[in-house]
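Protein chains get the first letters and strands the later ones, always in sequence-line order, with residue 1 at the start of each. Only this structure's heavy atoms are used, side chains among them; waters, hydrogens and symmetry mates stay out.
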Protein chains: 2
Amino acid sequence: MKANAHFRLLEENYLFSDIAKRVAAFTQAHPDRSIIRLGIGDVTQPLAPSVIAAMHRAVDEMGCADTFRGYGPEQGYAFLRHAIAEHDYRAHGIAMEEDAIFVSDGAKTDVGNFADILDTDNVVAITDPVYPVYLDSNRMAGRTIRFLPCSAQNGFVPCVPDFHADMIYLCSPNNPTGTAMTRAQLAQWVAYANEHHALLLFDSAYEAYITEADVPHSIFEIEGARTCAVEFRSFSKTAGFTGTRCAYAVVPKELIATNQDGSTVSLQALWLRRQCTKFNGVPYIIQRAAEAVYTPAGQKEIRAQIAYYQENARLIRQGLQQAGFTVYGGVNAPYIWMQCPGGDSWQFFQDLLEKTGVVGTPGAGFGAQGEGYFRLTAFGDREKTKEALSRIAKAF
Amino acid sequence: MKANAHFRLLEENYLFSDIAKRVAAFTQAHPDRSIIRLGIGDVTQPLAPSVIAAMHRAVDEMGCADTFRGYGPEQGYAFLRHAIAEHDYRAHGIAMEEDAIFVSDGAKTDVGNFADILDTDNVVAITDPVYPVYLDSNRMAGRTIRFLPCSAQNGFVPCVPDFHADMIYLCSPNNPTGTAMTRAQLAQWVAYANEHHALLLFDSAYEAYITEADVPHSIFEIEGARTCAVEFRSFSKTAGFTGTRCAYAVVPKELIATNQDGSTVSLQALWLRRQCTKFNGVPYIIQRAAEAVYTPAGQKEIRAQIAYYQENARLIRQGLQQAGFTVYGGVNAPYIWMQCPGGDSWQFFQDLLEKTGVVGTPGAGFGAQGEGYFRLTAFGDREKTKEALSRIAKAF
């Protein structure tokens, strides 16, 4: 059999595996040194009590013949899709029908798989630096990729390009730069997409971290977005579900793609067909866990968790500034993007590890334009985060 | 943006959605009639006590800072991969390294996604009748598909073809026909695949239902399979996980695909890269649930569940034979495949529904060669299954 040749265009290693190997080598060489991990964007706070209680109830249901659940709907249970539409959209004045919501096991999965329903001839635009999944999943499919450079000059916000793109991946608040797009900036993209009959693949996994009024939580706050955008959201960073696995995609019925003969087709119908063929839904227990996030008690609990990480972000931003670094992000996002002294981000990764035991992520791992920058995350334990900042202040 | 044009080759509706609509129309017209669902292959027995206990423990771990788990390994936790390798392979005399095991959320997902790593130029062979996912996922990718006709003449076992195929999907014990391939028959396929440098995609989701000694539980019982086969297994039918979602794929390191320039690449490496890019692992709680299946108590409990469904299969087979039908399957599988009176399987679906309220699956939904046959499943409640047989005996 022949391999998918497009895989040859991928970098050999996945960024975080690479980092894990380097850290493993360091700890083997220095078993006495204490390591503080602010590299990968993984949460550390336990699941909220309301979520835990909901899961215990659901586990009990699964152990009893009368309440046992087998296959659920591929698109997700109605109770969860209703809670999502109601709390994440309608409560914020955004009309949203439940048929547009597709529950899944992760935004990474959705972002990686969504292009299955789109032609491989489409031209893809992604930012540089970028979350590697947008890049790698399109490389695997053999699509032509154009980069939208983001730098300190444009505030790490991608400008609408002067070329035609069919699919544009936008992430706001951004991973890795921690910056966020304003209403006016997103409106430019919606206008571009509608004019070019392009699709915006909008990743708002970090919307819960927004603090500024001018930054939209959803692309559907922008008029015209329903004809040009899908939105990916996740419970991972909102409710600590990185190891619990639940997310959703919003695919409005107004999204229409063109076939080669000029006829048109609904993306919602295509995505439903894809999911019904290649996916069997999220565990019932996990969907009940996600539902509990929307209860009054659940909301209060997760807001406290988010506030904890937001305070970490504020401390990291402030600590690095006080230590003399130039920093971006951290205001509407759990990521802080700092300029590397020396400019070589893998070198800085190694220096930081050796001098302080702190693990971050080199900007070069996110693209050519990421070189010279370094990402720290606010998802750590408070005391360890403070300790990391104290070590950095002493070492640099 | 342009749509993936290959989706136009798919049937408009997914088989089981189609059936659900017809049943809904019937119940709306006849609200007083009692329906017995032996159509979709969904389990009905609650999860085993050991599994329930393991999930409660894991939920508690997730609620406590010291034992909370964030992102796990994309490939699955070592504790589960170890249990799988040990109990499903080594205990049966099959050498198996844990690196070859990839834990996932479902065999449907794995079967649907695996071809991502293979060229779209590969020629695919699938049986007719067939589990629709093999067909639809390859149609979506635009591959050329050749059919291997299965009928009463060849005992519903596909013969090695006289043409070249690069990828062959085999399902034994078979969905939908309930038949199973012997050691000698599988050995012919392994020989064909090694000779043609083809890949066998072996779906053994129903291996727990095998009763005859001559039917292998794993393709890796056959010498030479490690150079030509991947295996898909699931906890869905083995431990009632259809709504709990856990499965695994086995991808031996000996599997080598060819690039267009003649160089070679490891399928295990490609699949790892694909999963690390487009998947983020199975929930920790669910992996602990799956692990509990392998404890002595868990094994005893699931064997009792499987025996319950096997007895249903025996009763259906016997009841249909006594009612004068010609039946296949049901001995090594939870599916019974019966010849339709009249020969039109959608007509028989409607007749059966109207005369008895029993829902089955028309063979035509599984392919052209499925026409004239009808599938019943053994996953129902015992009393309802008996009631269905009694109604059928009276009506036909």
Side-chain angles (χ1 to χ4, degrees), chain A residues 1-5 7-8 10 14 42-47 49 52 55-56 59 62-65 68-72 105-106 108-109 112-113 116-119 121-122 133 136-137 140 166-167 197-199 242-245 257-260 265 270 273 276-280 283-286, chain B residues 1-5 7-8 10 14 42-47 49 52 55-56 59 62-65 68-72 105-106 108-109 112-113 116-119 121-122 133 136-137 140 166-167 197-199 242-245 257-260 265 270 273 276-280 283-286:
Chain A
M1 80 295 308
K2 290 183 285 290
N4 175 343
F7 273 67
R8 303 185 82 184
L10 303 173
Y14 190 62
D42 196 4
V43 297
T44 52
Q45 295 283 297
L47 293 180
I52 294 293
M55 286 201 286
H56 278 307
V59 168
M62 294 297 281
C64 175
F68 173 77
R69 306 270 188 144
Y71 290 122
D105 61 307
K108 185 182 178 189
T109 309
N113 290 334
D116 267 18
I117 64 172
L118 298 168
D119 199 292
D121 280 351
N122 288 306
V133 173
D136 289 354
S137 61
M140 286 175 183
D166 300 292
M167 297 161 55
H197 188 229
L199 181 68
T242 54
T244 303
R245 314 301 316 137
T258 311
N259 287 312
Q260 276 155 336
V265 60
L270 290 184
R273 191 64 166 81
C276 286
T277 302
K278 298 195 188 185
F279 184 57
N280 238 328
Y284 172 69
I285 294 160
I286 304 299
Chain B
M1 79 296 302
K2 291 183 283 292
N4 175 345
F7 273 67
R8 303 186 81 184
L10 303 173
Y14 189 64
D42 197 2
V43 297
T44 51
Q45 295 284 297
L47 292 181
I52 294 294
M55 286 202 285
H56 277 306
V59 168
M62 294 297 280
C64 175
F68 173 78
R69 307 271 187 141
Y71 289 122
D105 61 307
K108 186 183 176 188
T109 311
N113 289 333
D116 267 18
I117 65 172
L118 298 168
D119 200 292
D121 280 350
N122 288 306
V133 173
D136 288 355
S137 61
M140 286 176 182
D166 299 293
M167 298 161 55
H197 187 230
L199 181 68
T242 54
T244 304
R245 315 302 314 139
T258 311
N259 288 312
Q260 276 155 338
V265 59
L270 290 184
R273 190 64 165 84
C276 285
T277 301
K278 299 196 189 185
F279 185 57
N280 238 328
Y284 172 69
I285 294 160
I286 304 299

Heavy-atom proximity to chain B below 4.5 Å, by part of A:Ala198:
backbone
How far does CD1 of B:Ile285 sit from CD1 of A:Ile286, to the nearest 0.5 angstrom?
5.0 Å
To the nearest 0.5 Å, tell me how far B:Arg8 CZ sits from A:Leu270 CG.
10.5 Å
Using non-hydrogen atoms and a 4.5 Å limit, figure out which bit of A:Met140 sits close to chain B: side chain, backbone, both or neither.
side chain
Using modelled atom types only, decide if a donor and an acceptor are shared between the side chain of A:Lys108 and the backbone of B:Lys278 within a distance under 3.5 Å.
no
Greatest number of non-hydrogen atom pairs under 4.5 angstrom with chain B, of A:Gly112, A:Cys64, A:Gly243, A:Ala257, falls to A:Gly243
Among A:Gly63, A:Pro49, A:Ala5, the residue with the most heavy-atom pairs under 4.5 Å to chain B is A:Gly63
Checking A:Phe7 against chain B: side chain, backbone, both or neither under 4.5 Å from a heavy atom?
side chain
Checking heavy atoms, do the side chain of A:Val265, its backbone, both or neither come under 4.5 Å from chain B?
side chain
Comparing A:Thr109, A:Thr44, A:Leu118 against chain B, the one with the most heavy-atom pairs below 4.5 Å turns out to be A:Leu118
Evaluate B:Met1 against A:His197 for side-chain contact (heavy atoms from CB on, under 4.5 Å), listing each step before the verdict.
CA-CA 6 Å; B:Met1 79 296 302; A:His197 188 229; 4.0 Å; yes
Taking atom CD of A:Gln260 and atom CG of B:Asn4, what is their separation to the nearest 0.5 Å?
9.0 Å
I need the residue from A:Val43, A:Val133, A:Ile117, A:Asp121 with the largest number of non-hydrogen atom pairs under 4.5 Å to chain B.
A:Ile117
Carefully, step by step, assess A:Asp136 and B:Arg273 under the rule side-chain contact (heavy atoms from CB on, under 4.5 Å).
CA-CA 10 Å; A:Asp136 289 354; B:Arg273 190 64 165 84; 3.2 Å; yes
Do B:Arg245 and A:Asn280 make a side-chain contact, defined as non-hydrogen atoms from C-beta onward lying under 4.5 Å apart?
yes
Treating A:Asn122 as the side-chain partner and B:Lys2 as the backbone partner, does any N or O pair qualify as donor plus acceptor under 3.5 Å?
yes
Top of A:Leu199, A:Asp166, A:Asn259, A:Asn113 for chain B proximity - count of heavy-atom pairs under 4.5 angstrom:
A:Asn259
Quick one: does A:Leu47's side chain get under 4.5 Å of B:Phe68's, heavy atoms only?
yes
Is chain B contacted by the side chain of A:Asp105, its backbone, both, or neither, given a heavy-atom distance below 4.5 Å?
side chain
